There are 2 protein chains.
Amino acid sequence: MKVNFKKQNRLKEFSKDKSKIGLKNSQKRTLIIEYFLHEDKHFSVEELYNEIKKISSEISYSTVYRTLKLLTTCGLADECNFDDGITRFEPVHKAQHHDHLICKRCGKIIEFKNNEIEKLQQDVAKKYKFSIKFHRLALYGLCSECKKKQRGN
Amino acid sequence: MKVNFKKQNRLKEFSKDKSKIGLKNSQKRTLIIEYFLHEDKHFSVEELYNEIKKISSEISYSTVYRTLKLLTTCGLADECNFDDGITRFEPVHKAQHHDHLICKRCGKIIEFKNNEIEKLQQDVAKKYKFSIKFHRLALYGLCSECKKKQRGN
DNA sequence: GTGAAAATGAAAGTCAATTTCAAAAAGCAA
DNA sequence: TTGCTTTTTGAAATTGACTTTCATTTTCAC
């Protein structure tokens, strides 16, 4: 498992905070956190649980669930909803907010960032004297590969 | 209950289709549909059920639920999710797609439309060779009234 | 090591959404 | 109108993802 510097720092941060907020250093939790932060993917609890199980069969669904919620509370993970009733978690990239393209055929999730859209959102908010705390933008459709496949059919 | 022309037409359309797809003309369903289409609001099943109950106490939650699902299938209603785990339904305005501003304090839902944002979404899609079938954009925050109240506190 | 506090797993509970099924209503045909 | 078939309905049960409970295990400061 390749460890990238930024992510290691995030994990270290997490470790530093732990004592302050009364957390103990659990091996299982650490394994889950490392796996989750190093994989740059969107995981449902179920999905992460299934992958973790392969590495360490002694980790329960509850622990995976609780760890993801904990990371969310600590600001190291974000919860996403993509219209299928399943909550997914993604590692927070502190540097940049982003939105999502979701392929309805293969389920692929692509992240994108568009400053112009964000600016226009602020314009909309201003028009309605509204202050935006956060937003969700998801574009649903077909990714390039699935488009090719569909033509083939 | 004021009936606007466009909505009456939509209802008529619905009625026309009914026989073709094997639906019978139920009084209760008709009442629910009329109420839903004439109120230009976002309803959860629960909310619509509570309002309908006041008019006709003999209509059950199941019927309201099934009617809203039916309207969605027929393309006369859309399902929305605003990050609170509750599905809301809105009458489809055939003329225009729109997005939402949601006040996290009072729950108010404001609809808006911004062609520039839509255009930029297409640009994003093109960049990733993605074809968009539909999208969801929701801006969460505080509406003008709630901002005022908050200052007052 | 000992003891207090936190973490864990399995099972139970929650809650909105959805389905089931027996009874009621709709509507076609005689 | 009556009889018959199909659809609709209400109440209750079920589903499925999420969340909590609680007895047991692990952590860690002393």
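Sequence lines set the chain letters: A, B, ... in the order given, protein chains first and strands last, and positions in each chain run from 1. Keep in mind the model is a prediction, meaning the values are calculated, not measured.
Residue A:Ser44 is classed as having no contact, given no heavy-atom separation below 4.0 Å to the nucleic acid. At the heavy-atom level, A:Glu58 lies under 4.0 Å from the strands shown only through sugar-phosphate atoms.
Classification of the A:Phe43-A:Tyr35 ring pair by plane angle, with boundaries at 30° and 60°, yields tilted. In this pair, A:His98 and A:His100 present their aromatic rings perpendicular. The plane angle is above 60°, beyond the 30 to 60° band.
For the pairing with A:Lys41, the salt bridge (charged side-chain N to carboxylate O under 4.0 Å, His left out) check across A:Glu111, A:Glu51, A:Glu47 returns one residue only, A:Glu51.
For the pair A:Ile86 CD1 and D:dT19 P, the interatomic distance rounds to 13 Å; values are reported in whole Å. The distance from atom CG of B:Asp84 to atom P of D:dA17 is 19 Å, rounded to the nearest whole Å. Between the CD atom of B:Glu47 and the P atom of C:dA16 there is a distance of 12 Å, given to the nearest Å. Rounded to a whole Å, the CG atom of B:Asn81 is 15 Å from the C1' atom of D:dC18. For A:Asn25 and C:dA7, the CG to C1' distance is 11 Å, given to the nearest whole Å. The NZ atom of B:Lys28 sits 13 Å away from the C1' atom of C:dA26 (whole-angstrom rounding). Distance CG (A:Leu23) to C1' (D:dT26): 14 Å, rounded to an integer number of Å. The nearest whole Å value for the distance from the CD1 atom in B:Ile59 to the P atom in C:dA24 is 18 Å.
A:Leu101 CG to A:Phe112 CZ: the interatomic distance, rounded to the nearest 0.5 Å, is 5.5 Å.
Every residue meeting the side-chain contact (heavy atoms from CB on, under 4.5 Å) condition with A:Lys129, not counting sequence neighbours, appears here in chain and number order: B:Ser144.
With D:dT8, D:dG10, C:dA17 as the choices, the nucleotide that has an atom nearest any side-chain atom of B:Thr63 turns out to be D:dG10. With C:dA26, D:dG10, C:dT8 as the choices, the nucleotide that has an atom nearest any side-chain atom of B:Lys24 turns out to be C:dA26.
Following chains of ILVMFWY side-chain contacts shorter than 4.5 Å, one cannot reach A:Tyr128 starting from B:Ile109, and the two form parts of different hydrophobic clusters.
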Got a list of protein N/O to nucleotides 18-22 of chain C N/O distances below 3.5 Å?
| from | atom 1 | to | atom 2 | distance (Å) |
| --- | --- | --- | --- | --- |
| C:dT18 | OP2 | B:Tyr65 | OH | 2.7 |
| C:dT18 | OP2 | B:Lys69 | NZ | 3.2 |
| C:dT18 | O5' | B:Tyr65 | OH | 2.7 |
| C:dT20 | O4 | B:Arg66 | NH1 | 3.1 |

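Crowding of A:Lys126 atom NZ: a count of heavy atoms from other residues, nucleotides or ligands under 6.0 Å not exceeding 12.
When the side-chain nitrogen and oxygen atoms of B:Ser26 are compared with OP1 and OP2 of D:dT8, none of them lie within a distance under 4.0 Å.
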